[in-house]
Amino acid sequence: MNDSIEGLPSSFRDPSGFLFLDRGVLYRQVNRSYREDFSHLMDSGLCSSLIDAGLLVAHEEMDLPLVQSPECFKILRPDRLPFISYPFEWSFSQLQDAALTTLAIQRQSLEHGMSLKDGTAYNIQFRNGKPLFIDTLSFEKYLEGRPWTAYRQFCQHFLAPLALASYSDIRLSQLLRIHLDGVPLDLASRLLPFHTRFRFSLLTHLHLHAKAQTHFADKPARQVRRSVSRRALQGLIENLESCVAALNWKPPQQEWASYYEDTNYTSEAFRHKEQLVGEYLNRITPKPDMVWDLGANTGLFSRLAASRGMTTIAFDQDPACVERNYRVCRQEEDTNILPLWVDLTNPSPNLGWHGRERMSLLERGSPDAVLALALIHHLAIANNLPLSRLAGFFGELCRSLIIEFVPKTDSQVQRLLASREDIFPGYTQEAFEQAFRRYFEIREVGKIRQTERTLYRMERNPL
Amino acid sequence: MSDKDAANSFDPRQPSRSPLRLGPAWWALLTLYWLLFPPPTYAYIDPGTGSYVLQVVIAGLLGALVSLRIYWARIKAFFKGNPPLGGNDPDKHE
């Protein structure tokens with residue numbers, strides 16, 4: 001391998017090929033061992049039909065092999081995505097849509113004489129608001145009689161967390177953050193309520209599946225002399241589709257999802273805040289490509305950035321907010337927003353082999369601009385973060401910052417302080433400005449009408 | 001999915017499904033072969049023996065249901081006087 005070429009740490013499992021970066025450009029090497037399957041993928045028309053349907057990432061075949069290695073069959077340059085998100089950062093409906101996309105691809109693959117050889121949720125990303133399959137090497141020629149190799153993985157990566165979220169608790173989908181190859185089925189089976197055994201699809205794909213795994217744990221698959229007909233496989237995929245589609249999670253009407261309705265903002269204050277944020281966004285030069293809205297709630301202000309053509313990631317720590325945001329984006333076909341479920345006080349860490357297989361949130365992208373609206377008091381007061389550390393964090397994260405200062409006299413802060421001792425004598429507007437001036441130049445300051453809140457636009461000091 | 005759609009989506013006359021035109025006896029023989037000597041599963045991920053066994057059982061059951069649905073659609077079509085859907089079904093031995 002050339003010195004300039006760097007294999008991605010996440011791309012090592014599949015012997016069919018791997019992803020690498022060459023001078024910052026992402027490529028995929030297809031190995032000779034995958035030659036037959038790759039040719040079938042292209043010749044059967046499956047690849048082009050999936051790309052045309054917006055289900056599979058498009059790629060360009062490179063003329064000259066960049067890598068002079070004996071295994072190299074082809075080099076592809078896949079379309080680059082603006083941001084990589086992980087399944088444990090998705091809301092319920094995002095994971096559900098990703099599952100249905102995987103099954104739709106498997107169904108189309110069977111129609112073209114191919115089958116998905118893995119069913120990991122990490123093969124799905126969200127682009128322009130829709131799930132997209134990103135692994136061009138996940139397809140293998142379908143052999144009559146062969147069962148779906150990825151069945152176990154599909155159940156662990158999609159069905160188990162969706163069923164747990166739907167029937168037990170939404171927070172259990174965070175088990176995906178611990179179990180990178182999906183939620184172990186025996187664990188899912190134990191955590192699911194007993195009545196889920198009365199649903200045929202959950203009884204079979206999760207409960208009996210878990211029992212079968214335990215029973216056959218030490219027996220090799222070679223001893224199993226049974227095959228699955230094509231029709232049986234189609235029946236299985238159809239059943240998984242209806243099972244996944246029937247799962248549902250209703251975001252509760254509480255916490256932050258109903259913040260805008262509960263808050264004592266007047267509609268005039270709200271309009272003025274919207275107007276100020278819009279003006280500040282317009283005045284950021286150069287125009288940001290990527291905006292992160294931290295504490296985005298249901299994404300009302302994220303839409304201000306998205307409507308200006310900025311790719312916007314709307315983070316919130318409340319799954320109900322993220323779910324509502326995604327549903328609105330999906331309904332309104334808002335393609336510039338990616339809602340993600342992230343707790344800023346404990347963002348996604350490095351995970352997997354060597355701690356490098358899955359990247360931490362902050363390694364996966366750097367926003368040009370950040371919106372931090374009605375956020376700082378939660379971090380400073382509910383999470384005891386000193387203002388100096390907050391300023392340092394934002395100074396590391398972005399060059400442009402639109403941030404709202406919420407003083408102690410604000411009713412929302414009073415609410416946070418109602419149940420605890422006020423140990424925050426340093427939480428003042430002057431201290432806030434002083435802390436942030438260490439990293440930023442304050443360009444604009446605007447008082448939000450009919451509130452005690454102030455909106456700032458800041459630009460990072462030259463490093 | 002309506003019965004008609006379901007029947008259409010499994011129409012064995014679709015060239016992508018069965019490019020080979022074999023008689024029922026051949027299909028029965030082929031199936032017997034696959035049942036006796038299934039292709040080995042070589043996969044870079046472990047399909048899991050338990051998952052494999054369960055899939056064989058569940059998929060067999062679900063496949064039978066799909067077949068039932070298709071035949072039911074054909075019976076309905078027959079009594080309604082519509083032309084039968086998918087006359088030469090390669091999977092009819094199931």
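Model, not experiment: these values are computed from the prediction. For the numbers below, each heavy atom of this structure counts, side chains included, while hydrogens, waters and symmetry mates do not.
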Write down the atom of [X], the atom of [Y], and the distance for their closest heavy-atom approach.
X	Y	answer
B/T49	A/F216	CB-O, 3.8 Å
A/R231	B/Y71	NH1-OH, 4.3 Å
A/V228	B/A59	CG1-CB, 3.7 Å
B/G60	A/A232	N-CB, 4.1 Å
A/Y151	B/Q55	CB-NE2, 3.3 Å
B/L54	A/A212	CB-CB, 4.1 Å

A quick test of your reading: do over 12 heavy atoms of other residues, nucleotides or ligands sit less than 6.0 Å from [atom1] of [X]?
X	atom1	value
A/R197	CZ	yes
A/H195	NE2	yes
B/F78	CZ	no
A/E36	CD	no

Of A/R152, A/Q153, A/Q156, A/H209, which is the lone residue that meets side-chain hydrogen bond (donor to acceptor under 3.5 Å, both in side chains) with B/S51?
A/H209
Name the member of A/L236, A/D14, A/I237, A/T204 that forms the most heavy-atom pairs with chain B at distances under 4.5 Å.
A/D14
Top of A/D118, A/L233, A/T214 for chain B proximity - count of heavy-atom pairs under 4.5 angstrom:
A/D118
Between B/I58, B/L61, B/V57, who has the most heavy-atom pairs with chain A when the cutoff is under 4.5 Å?
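Most heavy-atom pairs under 4.5 Å with chain A: B/I58.
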How long is the gap from CD on A/Q213 to OH on B/Y52, to the nearest 0.5 Å?
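OH of B/Y52 is found 15.5 Å from CD of A/Q213.
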Verify side-chain contact (heavy atoms from CB on, under 4.5 Å) between B/L62 and A/E238, making sure each step is shown before the conclusion.
CA-CA 9 Å; B/L62 293 168; A/E238 267 186 42; over 6 Å; no
Heavy-atom contact with chain B under 4.5 Å, split by part of A/F200:
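The answer is the side chain of A/F200.
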